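Given the structure is predicted, the values throughout are model-derived calculations rather than measurements. Throughout, numbering of the chain's residues begins at 1 and tracks the sequence.
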Amino acid sequence: MSQVEKKVGLLRRSSSSKKPLKEKVVLMYDEIFAKEDPSKHNPRFWDELFLMKVNLEYLETKLESVDGEEVQRIQDNINSLFHHCVQALGEEHQIKVVNALQTLCALFRGVHQKNKSSSGFDIINMLMGFDKAELRMKDLMESLDSLLCGDGSESLKSLCLKLLLCLVTVTDNISQNTILEYVMINSIFEAILQILSDVSSRGQHGYDAVVLLALLVNYRKYESVNPYIVKLSIVDDEPTLDGMGMVVHHALTEYSRQYKAKEEENQGGFFSTLTTMVGNMFIADADEKLSVQTNEAILLALYEAVHLNRNFITVLAQSHPEIDMGVTSITPSPTTPTTPLGTSPPSLDAMNNQEQLTLDPNLQTSNLLITFLKYASIVMQDTKEEHRLNSARLCLIILTCIAEDQYADSFLHDDNMNFRVNLHKMPMRHRKKGVDKNIPCRPLVCAVLDLMVEFIVTHMMKEFPMDLYMRCVQIIHKLICYQKKCRIRLHYTWRELWSALINLLKFLLSNETTLLAKHNIFHLALLVVNLFNMFITYGDTFLPTSNSYDELYYEVVRMHQVFDNLYCMVLRVSTNTGQWKEPASKVTHSLVNVRAIINHFNPKIESYAAVNHISQLSEEQVLEVVRTNYDTLTLKLQDGLDQFERYSEQPREAAFFKELVRSISLNVRRNVSLSTMSQDLLLKEFSTIS
């Protein structure tokens, strides 16, 4: 700025007789916030208003600053503004439509921000007048539906979805957003499905459409009949379900790609190693900020699809070429607002390019379930913070629903559907961080079991995630029940699972006092012991070979001290009075066959060692003793081992989902960006068209 301009500026600011000039749209907003009808002296007021570039910040601030008395005074004008916004959505002049959509967004946000403590009815009355609300919202939803389903501008469709996301998330608790009653009555469900079923439309708007659907499904889902739940549960159109699956797949893939890229960046070269050694505190902080931003919104959408719609289960297994995330570079779209890792949609180019790839017989194939398992293996690594814990919990709930579904179980165990699934693993002292490059192609159930074993092994810590451990063990149990029922002999490294479970029992025993102050450890111990009972009682029907059954007995006998200590502990607790008496006694009874095996084989192993003058028996020698002494072993048949309680969201999980949806709503609200830059781009686009 020149000296002359500076002086002029100073003179303008210091002059008491002159005020800085206001842009015309701001002057028009001021007229709306005056008592009189702004169109009284200017019949073309509303036509002119929607030709002006919206000043979102000023309009929202003005709405937030209105006090109680002023609200009554200007309510008719606010109602009129809302009415004319809705009318403008039907205009042929596209700039008017753009400005009307943005003005509506400012209205919804500004009025709700000002009236956080007000009832939903008061807000509706201030926005559109309670007596006219039903008609106004019907017109609004019909206009949005027409814009979303029409052949118009993609930018306009994107703006419609942003407005709907803005409307759905204006309150922290979406179930307290009374305006959504009108969104229930005037459904846009079919418009969302149309977006998801079309490749081009899905590429540009699929992410917002899926997140919007997930949020609408959670509106008062426990209090009344939600039409979006009903409609989602009966969708059977294959292109639509595939489209939803592709949106989820690409969002999870993009998160994994970013995670892997950051991981490699932090591991690269001597300088990185040196800085890790001397400045670990700072590196860790930076790495945490990137790894914590999980995508609960897209996970919620996946959960609702899996939980509500049985037809969606087939989408989990749809094969497509796997993209090498280390090689493929995906550049974010320049119009996408900057958001934390994993919270933004994948770029349009990435989605379209991947969908158009042809299937190369030499290319490793993938599917949505594999993508989800890889994503879960990242987010389940660190559960110390609450939102990470919640994300891991949601992953396990999704896996619970999958493990209970007969069709899902059939393709999980299908020998003709083998995949190489490289799960991410936590760094631990005894192993290097990174993925195993030598994983064989196996049925997908092996990857699910690997993920469960990995979690069990890596989360035995002071802040013990009891809920997640319970879910892990229950998922394993459900999968084994299916294998027992269908007599599927899965070639899996069962010893790794047995070892993980025994170490878990050992951890519970070592930390009994600390854990009992917070958790019922006997419930988890019972689940673990009953898993061993499943293998002992029915293992001959689903373990791959007789040798596997021998190895099971070998592991039980080898680690007998853990089971002996567990028995002593639960016997002590169950013979004393206290709150844990009954759950401890259940564990005591469940150990009957494990103790029978230990008490039967231990003397025979000791006798074999004494007769043959061997101080330390080899594994093969112990297995030989086991094989030759089965005949004299007596076990009790235990009932109900292959029974389990099916998953039910209500009432057990209701509180969790309520808080989860609140968190997602806040995050979506922050990321719904109607910035000045996007305004300029939109206005430029439609000015060119005009």
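More than 12 heavy-atom neighbours from other residues, nucleotides or ligands sit within 6.0 angstrom of CD on Q650.
N418 contributes a side-chain N or O that, together with a main-chain N or O of D415, makes up a donor-acceptor pair within less than 3.5 Å. No donor-acceptor pair under 3.5 Å is formed between the side chain of D242 and the backbone N or O of V315. Formation of a donor-acceptor pair under 3.5 Å by the H307 side chain with backbone atoms of I397 is not found in this model. For S410 (side chain) and Y407 (main-chain N/O), a donor-acceptor pair under 3.5 Å exists by modelled atom type. Of the possible polar contacts, one joining the R489 side chain to the D540 backbone as a donor-acceptor pair under 3.5 Å is found. Of the possible polar contacts, none joining the E454 side chain to the S377 backbone as a donor-acceptor pair under 3.5 Å is found. Side-chain N or O atoms of D405 include none that pairs as donor or acceptor with a backbone N or O of C401 at under 3.5 Å. When atom types are taken as modelled, the side chain of Y647 and the backbone of I398 share no donor-acceptor pair closer than 3.5 angstrom. Distance alone, capped at 3.5 Å, is enough to place a donor-acceptor pair between the T575 side chain and the R572 backbone.
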* Start with the C-alpha distance between Y255 and Q258, add both sets of side-chain angles, then the distance that settles side chain to side chain contact (heavy atoms under 4.5 Å, CB included), and finish with yes or no. => CA-CA 5 Å; Y255 176 88; Q258 291 181 43; 6.0 Å; no
* To do: For the pair S256 and T253, evaluate side chain to side chain donor-acceptor pair (under 3.5 Å) and give the outcome as yes or no after the intermediate values.
  => CA-CA 5 Å; S256 299; T253 299; over 6 Å; no
* Any chance you could lay out the ring-ring contact (aromatic ring centres under 6.0 Å, His included) test for F542 and F535, step after step, and finish with the verdict? => CA-CA 9 Å; F542 63 84; F535 282 105; 5.5 Å; yes
* Hey, mind stepping through E606 and N602 against side chain to side chain donor-acceptor pair (under 3.5 Å) and telling me if it holds? -> CA-CA 6 Å; E606 290 167 7; N602 261 353; 5.3 Å; no
* To do: Take F601 and H560 through the side chain to side chain contact (heavy atoms under 4.5 Å, CB included) test and state the conclusion after the steps.
  => CA-CA 10 Å; F601 286 106; H560 70 89; over 6 Å; no
* Candidate pair M559 and S499, rule side chain to side chain contact (heavy atoms under 4.5 Å, CB included), full reasoning -> CA-CA 9 Å; M559 300 301 290; S499 175; over 6 Å; no
* Intermediate values then yes/no, side chain to side chain contact (heavy atoms under 4.5 Å, CB included), V557 and K604 -> CA-CA 11 Å; V557 173; K604 291 185 167 34; over 6 Å; no
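Between E551 and R558, no side-chain nitrogen of the basic residue sits less than 4.0 Å from a carboxylate oxygen of the acidic one, so the salt-bridge criterion is not met. Looking at E386 and R393, no side-chain N of the basic residue comes within less than 4.0 Å of a carboxylate O on the acidic one, giving no salt bridge. Under the 4.0 Å criterion applied to side-chain N and carboxylate O atoms, K384 and E463 are not assigned as salt-bridge partners. Ion pairing between D409 and K485 fails under the 4.0 Å rule for side-chain N and carboxylate O.
Using bins of under 30°, 30° to 60° and over 60° for the plane-to-plane angle, the ring pair W494/Y492 lands in the perpendicular bin.
Here the OG1-NZ distance, from T514 to K462, works out to 8.0 Å after rounding to the nearest 0.5 Å. If you take OH on Y259 and NZ on K374, they are separated by 14.0 Å, rounding to the nearest 0.5 Å. Separation of atoms CD1 (I298) and CG (L252) is listed at 7.0 Å; rounding is to 0.5 Å. In this structure, CD on E649 lies 3.5 Å from OH on Y303, to the nearest 0.5 angstrom. Rounded to the nearest 0.5 Å, atoms CG (N565) and OG (S510) are 8.5 Å apart. Within the model, atoms CG of N309 and CG of L241 stand 5.5 Å from one another, a figure rounded to the nearest 0.5 Å.
At least one side-chain heavy atom of M470 sits less than 4.5 Å from a side-chain heavy atom of L524. Put simply, the side chain of L396 reaches to within 4.5 Å of the side chain of M380, judged on heavy atoms. A 4.5 Å side-chain heavy-atom check between Y630 and Y549 finds at least one atom pair inside the cut-off. A 4.5 Å side-chain heavy-atom check between L526 and P583 finds every atom pair outside the cut-off. You'll find the side chain of T383 reaches within 4.5 Å of the side chain of M461, heavy atoms only. Taking 4.5 Å as the limit, some side-chain heavy atom of E296 sits within range of a side-chain heavy atom of L660. Side-chain contact between L369 and F411 is present, with at least one heavy-atom pair separated by less than 4.5 Å. In this structure the side chain of N533 never reaches within 4.5 angstrom of the side chain of L591, judged on heavy atoms.
Scanning all heavy atoms of the two residues, the minimum distance from F464 to H459 falls at CD1-O, 4.0 Å. Residue I439 comes nearest to R420 through the heavy atom pair O-NE, 2.7 Å, listed as atom of the first residue, atom of the second, then distance. Minimum heavy-atom separation, E512 to V573: OE2-CG2, 4.3 Å. Of all heavy-atom pairs between A447 and L423, the closest is O-CD1, 3.6 Å. Considering every non-hydrogen atom in both M466 and N520, the closest pair reads CE-O, 4.0 Å. Of all non-hydrogen atoms in L509 and V562, the two that sit nearest each other are CD1-O, 3.5 Å.
Donor-acceptor pairing under 3.5 Å is lacking for the side chains of S585 and T588.
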